Protein chains: 2
Amino acid sequence: MSRTKARAALLRELEEAMRRSSAQGVLYGQTVANVAGIANSDLECMDILYLEGRVTAGRLAEVTGLTTGAITGVVDRLEKAGLVRRERDEKDRRKVFISVVPETAMKIGQLYVPMQQAMEKVFGAYSDEELRLLLRFATEGYKGVLAATEALKGLLDTPPEKRPDLKLKKLRR
Amino acid sequence: MSRTKARAALLRELEEAMRRSSAQGVLYGQTVANVAGIANSDLECMDILYLEGRVTAGRLAEVTGLTTGAITGVVDRLEKAGLVRRERDEKDRRKVFISVVPETAMKIGQLYVPMQQAMEKVFGAYSDEELRLLLRFATEGYKGVLAATEALKGLLDTPPEKRPDLKLKKLRR
DNA sequence: GCTAAATCTCTTAGTGACTAAGATATATAT
DNA sequence: ATATATATCTTAGTCACTAAGAGATTTAGC
């Protein structure tokens, strides 16, 4: 097999492996939401709050791709569950900051323990240098996926009749 | 900083980077479903069909975690859109095999092009050997996540009063 | 072979999270 | 001041989901 062919095969394998593991990651998240008894989007928002800290409702809508109306519902449910708190911005009283309630949110965090343990075990097999390679990849991969998402969204904004036609026999009503 | 402390920091960074990129991956998928005009679960099933080939409705339910009733709806919609075909198993006539219609499904595949291009660009910066490391990691990572999911599900099956209590103030309803 | 139990998909009724559109409240610009 | 913009919430309606069970077929026990 030629060198470039071997590489192409490697890339295909890699792509599939990543697809599989990311699909399984989605399933893990679904299971967490299930066990916690909250909706999927609710958990996603908890995750964003964990990563970004105190953010506005609008920012949550932006990042999740949900409407602001949907976010109102998400925050209502999370607030009722005692997982987050609403705080009006004193500088700009239109804004509502959402922040996690650490004591309660911790309990959700517990559900990630099996995942963390599994990852610890996997990571254990790698040297520091190898881990740095993985970190570099994850960081660049994130940027790549972000850019790809933007590119795809751009496609959404071009008028439907000018898009690379899908001709899907009128999906959805 | 001690060596083990440096490694711990590295692991934390790595975990967060993976979390971010996988979250972004989820968003990419949502966008694909959006542009294609199909539901999220519908796309997830297309993905499974692509990876596993011809599978039964029951298997789809198993893998996605949806009820068989929900799968009936998914397959109805996908079939109407011309993306998949139902075929009764001639050996066991209770079973229904679902398989993609390649010509139509290709059009969905197109929506992954931006992602593939982004990944190609990222992968381009790595040597064959480095890619093999990434492949090894993705493969082992998949197994780890799968095991973690099972562990978490096991938790779901233990009677609620015996679970590490979440005490989430009666979520839902 | 025949009946009972098991297995697989589909149907039905009901529910919860979503969107679109617009209401409300506050901030900014002219 | 008034108009426009921004940020969140409200409302009505829709869609995909679950739970439960029906229908069709296969498997097991006798």
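The structure presented is a predicted model; accordingly, all values stated were derived computationally and were not measured. All chains are named by letter (A, B, ...) in the order of the sequence lines, taking the proteins before the strands, and each is independently numbered beginning at 1.
- The stretch residues 63-73 of chain B comes close to DNA chain C through Thr68(B), Gly69(B), Thr72(B), each having a heavy atom under 4.0 Å from the strand.
- In this structure, Phe137(A) has its ring center under 6.0 Å from that of Phe123(B).
- Side chain of Thr104(A) to main chain of Gly82(A): a donor-acceptor pair is present (N/O by atom type, distance under 3.5 Å, no hydrogens or angles).
- Using a 4.5 Å cut-off on side-chain heavy atoms (C-beta onward), Arg136(A) and Glu130(B) make contact.
- For Arg94(A) against dT6(D), a side-chain N or O and a base N or O form a donor-acceptor pair under 3.5 Å.
- Checked by atom type, the side-chain pair Tyr50(A)/Glu16(B) shows no donor-acceptor distance below 3.5 Å.
- Salt-bridge annotation for Arg86(A) and Glu79(A): present, with a side-chain N of the basic residue lying under 4.0 Å from a carboxylate O of the acidic one.
- Within residues 49-57 of chain B, no residue has a heavy atom under 4.0 Å from DNA chain D.
- Panel note: side chain Arg88(B), backbone Arg93(B); a donor-acceptor pair is recorded below 3.5 Å.
- Nucleic acid contact class of Arg59(B) (heavy atoms, under 4.0 Å, all strands): none.
- Between Ser41(B) and the phosphate of dC17(D), there is a side-chain N or O to OP1/OP2 separation shorter than 4.0 Å.
- Taking the ring centre of Tyr112(A) as origin, the terminal cationic atom of Arg19(B) falls inside the region bounded by 6.0 Å and 45° from the ring axis.
- Distance Asp92(B) CG to dG23(D) P: 20 Å, rounded to the nearest Å.
- Here the C1' atom of nucleotide dC8(C) and the CD atom of Glu87(B) are 17 Å apart, to the nearest Å.
- Under a 4.0 Å N-O distance rule, the pair Lys91(B)/Asp89(B) does not qualify as a salt bridge.
- For Arg93(B) against dT25(D), no side-chain N or O and base N or O form a donor-acceptor pair under 3.5 Å.
- Set against dC8(C), dA27(C), dA16(D), the side chain of Lys95(B) has dC8(C) as its closest nucleotide.
- Side-chain contact between Met115(B) and Gln117(B): absent, with no pair of heavy atoms (C-beta onward) separated by less than 4.5 Å.
- Atoms NZ (Lys80(B)) and C1' (dA16(D)) sit 13 Å apart, rounded to a whole Å.
- Nearest nucleotide to the side chain of Val96(B), out of dC10(C), dC17(D), dC18(C): dC10(C).
- We find that CD of Glu44(A) is positioned 14 Å from C1' of dA17(C), with the value rounded to whole Å.
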